[in-house]
Structures are given as C-alpha cells and as structure tokens.
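To keep things clear, I will list the structure first and then write my remarks on it.
Every value quoted in this text rests on a predicted model; they were computed, and no experiment measured them. Both counts, for ligands and for their atoms, begin at 1 and track the order of listing.
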Amino acid sequence: MVSRTIPVDPFDLVIFGGTGDLARRKILPSLYRRYVAGQMPPDSRVIGAARTEATSEEYRDQIRSAMEEFLSPAKRDAASVEDFLRHVHYVQIDATGDTGWDDLKTLVRQDRINAFYFSVAPSLFGAIAERLHDRGIANAESRIVVEKPFGKDLETARKLNATLATYFTEQQIYRIDHYLGKETVQNLMAIRFANILFEPLWKTEYIDHVQITVAETVGVDGRGAYYDTSGAMRDMVQNHLMQLLCLIAMEPPYHFDPDAVRDEKLKVIRALEPVRPEDIVRGQYLAGGGKQGYREDAENPDSRTESYIALKAGIANWRWKNTPFYLRTGKRLRARTSEIAVFFRRPPHSIFDDPEGGRENVLVIRLQPNEGINLKVMIKEPGPGGMRLTQVPLDMSFAQALGPDGSDIPDAYERLVMDVIRGNQTLFMRGDEVEAAWAWADPIIQGWEARGDRPHSYEPATSGPEDALMLLHRDGRRWREIKE
Ligand code: NAP
C-alpha cells in the first residue's frame, strides 16, 4: 500500500534549540523524511536557532551527522540529504537576550506560513514568545510548537498557558504530545469511528477493563537530576497515558475536527474519579545487570521519586462506570513496549464443555514495537479431536500492511510537524485539556507526598514491583505480560 502524500504550502520553520538533542534526533530527521516524500515545497526553509556560534554551513555539517546517526541507511541517501540541507539555515540567538533577533527577523518571511518550534527548556518559552511577538517576527497567522513538559502541576501549567496567551491565540499554539502522532493511535480513532463493528460493544456492559502499558528498558541515565524532580506520574501518566485513555474512552466527536475531538477528550478527563491511595503502586528500580539503581542515577540517596507507577483509574459516566482503566509505566523493565489492551467481558454462558469456551476477547493496540492491532478470538482447534477451543490472534501488523520492512510508517514527529504547517490542531493538546489533566494528577501526587509514601523497590528487567500485580489480582484480573 503506497501512502498518499499531500503537499503543504511553502513555509519557514524556526527551531529554537536547533542544536539540541530533540532537534537532531527527531525534528530534523522527520523534516528530511517529509522532504524525501515530496511534501516540503522547494522554497521552504528550516532555520535552526541556538546560542552556539556557528555559520549555516557549520550547522548543516552538524545536521548531516545527525542524519547519519539517527536515520537508518534504508531511510536516507547522501544525495537527497545534500538537497535537503540546502533548505537549512542557522541563526545564533539568545532566547533571553538581544543577540540574533534582528537576524531572525530579516530571515523569516512574512508572506508565507511561518512556525516556531520551542525545542528548549520550558523556562525559555515565555522569553521566546515575548520576543517573537514584540519584535514583529511572528504575525497573527504564525504557529508556535511547545514541547513537554507543559508545567509540573496545575499552577505552573496555568501560568504557562497565561504567558503564551499574552502573545498568541489558542489557535496558534501547538502543544505537542508525540504519542498522538503515532500511526496506531490515530488508527484507534479510525477503528472506533470508521467501523460499526466495535462501537456497539464499546461500553461497560461489554468491556471488563482496559490496560494501558508503556514500558521502557532504559533508566534515567544522564538526566537523573531532572527526572528526580518529575517522576513517572508527571513525565508519562499526566500526558501520554492520559491521552491514550482519552482516545479509548471518549464519545464519538461530531466531526474529525480539532475542537470536536478535543472537547470529547476533555469530558473524559473531567469525568475521571479521584484515585484512592490503595489503587496506586509506585516503584524505583534497583541496581543490576552492571547498571546503577534509580537512586544512584538520580544522585539522591533518599529520593522518593517513582521510576514506575501503576494505578487504577475510574471514569464516572454512563459508558464506563464499572470498567476500570489500569495504567502502568516504568523504566528499566523487561522489555520496551507500549500497548493498550481492551479486555471484553466473557460470554454470559458457555455452551462448550471446554473450559476455554468462556475466555474473553482482547483487542490489543500496539504502539511499539511493531505498530499494529490484534484481536484475540476463540476458534475451534483444527482436527478431529472433538470440540476443543483455542484462542488465536486476528493480527494486523501495520508494517506488513504498509511496506515490506515497515519503513513506510512515518515517525510521529513527521506527522505532527506537517500538521503544524497545515494548521491542523487535532493531534495537539488544548490548554484546557492540559490543565484538566493536572487537576486530576495534582491531588494524587500531593496525597503521596503528604503521606510520606516511599516507592517500592523492583529488580531491573522485570515487570516492576510485586505490589503492582496485586492491584489486579485483588480484582480477579491479571496484567498482560511485558514482552517484546
Ligand atoms: P537539549 O539537548 O539540552 O537542547 C537544548 C537546546 O536549547 C540547545 O539547542 C541549546 O543550544 C538551546 N538553548 C539553551 N539555552 C538557550 C538560550 N538561552 N537561547 C537559545 N537557545 C538556547 O534539550 P532537548 O533534549 O533537545 O530538549 C528540548 C526540549 O524538548 C525540552 O523542553 C525537553 O523537555 C523537550 N523534550 C525532549 C525530548 C528528547 O527526547 N530530547 C523528548 C520530549 C521532549 P545552545 O546551548 O547552543 O544555546
């Protein structure tokens, strides 16, 4: 299946933090891939901006090596990288000072789409927004893209929203959550709202529970000091897992339109019940496999920050009242995998003697690795041995469907950056959504801080703390195994 590429209008995209890790690893390689796909009009420009002194030529050298480092040989070729680099420029700029802003103003054209990607620490967002606005570099049509973390609690998120709102309208602000750019996540909406098959069953009468898992094998290596001020709840649950939960739980929007979709997501967040302390398990990884434990990584021997969290969330509305959503995410776990598993209820009565006859169907939406969707159904075991039943997956791997090596599946950033240029905010978080998510997360965090709870320890390369198993056992359920 060849994916269709719809060209966008010519644009200037300025990347503040153009020399940083995210720009080199994700943003520029994604733009290159879109360039190769023919989506970037020939006279569009990408302008890196940071404090480091460099000419555009020196910056191109940096980006050339980033392409080699972060794109597999199958996804690049030297000639097209050189063509792409002709569109790349650099401006030396200090976000909090005066240097470079006049140069940027001269460079950015006002007669076309322009977008400004804030790939810098959030403490710089306000200074950049102010200068772009006050110096007339941005106009009423310009877009700004802001990276996570969007605040560290409700108060800071509100302040940040208010600061950005001083200079830009909500329609100009693109709060990125790269999970929403993943092909499977968008497919979740297609599966739910472009088929009649699932929607009639998509409610508490037929869905027993939902498990959302984002497991990582890496620790916090290298950014332990920062992570220790955040933790898994702030870093992953409040944003990424929450977005996944919303897409599973939301009502059908009246149209696939930014505000219609985001209105429905917001209703889900607002309907979330407070989480009881006994429904939360937090953990910290121990040393093992030649690697340090969390506390050494965080350089904080008394740290109470969680590198793992599992919790049971409830949604107080007619559709979901008796269907718990179990969320878990953690570092240094057995495998790197992200998935949503929707467990349907068992048939009310089994006509078969085989005990398997009463097994539940499970719809598994895999985000990584091997993006795809698989539905576990019961069939008769082949052969003449009587009516024996077995569970088999109806498997749809997007890699198989879209290309022989999966190379046609675009990276989430490819999709999202192009959506910014197209002016489509559907896959970006609205300000009120972010605030509602913090309003749910804040009391949970404040609760364990006030109680002085300490995270449980867990061995690396496992599925996390033992107590997290109990969270489901207690309800007569089991987590899906964490495996590649
Ligand atoms: P990074 O590697 O530390 O890069 C920071 C960038 O900001 C550098 O290009 C730096 O260049 C520039 N910068 C710092 N101070 C500046 C100033 N005063 N004026 C202008 N430029 C300045 O950080 P990163 O990992 O790329 O992350 C950037 C943002 O994305 C952060 O908000 C982070 O939370 C978020 N994020 C990152 C990732 C990731 O995978 N890396 C994932 C999700 C979100 P100079 O030193 O040359 O100025």
_Tell me whether F125 has any N or O atom under 3.5 angstrom from an N or O of ligand 1._
no
*atom 21 (N) of ligand 1: which protein heavy atom is closest, and how many Å away?*
A50 CA, 3.8 Å
*Show which atoms of ligand 1 fall inside a sub-4.0 Å distance from at least one heavy-atom site of R25.*
39 (C), 40 (O), 41 (N)
_Do Y285 and D297 pair up side chain to side chain, a donor and an acceptor below 3.5 Å, judged on atom types alone?_
yes
*Starting from atom 25 (O) of ligand 1, locate the nearest protein heavy atom and write down its residue, its atom name and how far away it is, to 0.1 Å.*
D21 CB, 3.6 Å
*NZ of K291: more than 12 outside heavy atoms within 6.0 angstrom?*
no
_Contact atoms of ligand 1, heavy-atom distance to P149 under 4.0 Å_ = 34 (O)
*Is H178 near ligand 1, meaning one of its heavy atoms is under 4.0 Å from it?*
no
_Under-4.0 Å salt bridge between D442 and K152_ = no
*asked:* Taking atom CD as the centre, does E449 end up with more than 12 heavy-atom neighbours from other residues, nucleotides or ligands that are less than 6.0 angstrom away?
replied: yes
*Could you list which atoms of ligand 1 come closer than 4.0 Å to a heavy atom of E147?*
30 (O), 35 (C), 36 (N), 43 (C), 44 (C)
*Looking at atom 28 (C) of ligand 1, what's its closest protein heavy atom, distance included?*
S119 O, 3.2 Å
*Nearest neighbour in protein (non-hydrogen) for atom 10 (C) of ligand 1*: T19 OG1, 3.9 Å
*At a 4.0 Å threshold, what atoms of ligand 1 neighbour a non-hydrogen atom of P122?*
32 (O)
*Given R24, K26, K148, which one has a non-hydrogen atom that is nearest to atom 34 (O) of ligand 1?*
K148
*Is any side-chain N of the basic residue among R60 and E57 closer than 4.0 Å to the acidic one's carboxylate O?*
yes
_Please list, in number order, the atoms of ligand 1 under 4.0 Å from a heavy atom of A95._
17 (C), 18 (N), 19 (N), 20 (C)
*Go through the side-chain N and O atoms of Y32 and S80 and say whether any donor and acceptor fall under 3.5 Å apart.*
yes
*For ligand 1, which atoms sit closer than 4.0 Å to a heavy atom of G20?*
2 (O), 4 (O), 8 (C), 9 (O), 26 (O)
*For atom 4 (O) of ligand 1, decide whether some protein heavy-atom distance is shorter than 4.0 Å.*
yes
*Residue, atom name and distance, where the atom is the protein heavy atom closest to atom 24 (P) of ligand 1*: L22 N, 3.9 Å
*asked:* Pairing donors with acceptors under 3.5 angstrom, does anything connect the side chains of N161 and T163?
replied: no
*asked:* Given V91, T52, I15, V120, identify the one with the heavy atom nearest to atom 7 (O) of ligand 1.
replied: V120
*Should R415 and D419 count as an ion pair when the cut-off is N to O under 4.0 Å?*
yes
*Name the closest protein heavy atom to atom 14 (C) of ligand 1, giving the residue it belongs to and the distance to 0.1 Å.*
R51 NH2, 3.5 Å
_Under 4.0 Å between a side-chain nitrogen and a carboxylate oxygen: does that hold for R336 and E216?_
no
*Counting each atom of ligand 1 from 1 as listed, which ones have a heavy atom of G17 under 4.0 Å away?*
6 (C), 7 (O), 8 (C), 9 (O), 12 (C)
_Pairing of D12 and R112 as salt bridge, 4.0 angstrom limit_ = yes
*So is R175 actually on top of F428's ring, under 6.0 Å and inside 45° of the axis?*
no
_Out of N239, D235, D94, T99, who is nearest to atom 18 (N) of ligand 1 when you count heavy atoms only?_
D94
*Just which atoms of ligand 1 are under 4.0 Å from any heavy atom in I93?*
19 (N), 20 (C)
_Ion pair R332/E459, N-O distance below 4.0 Å_ = no
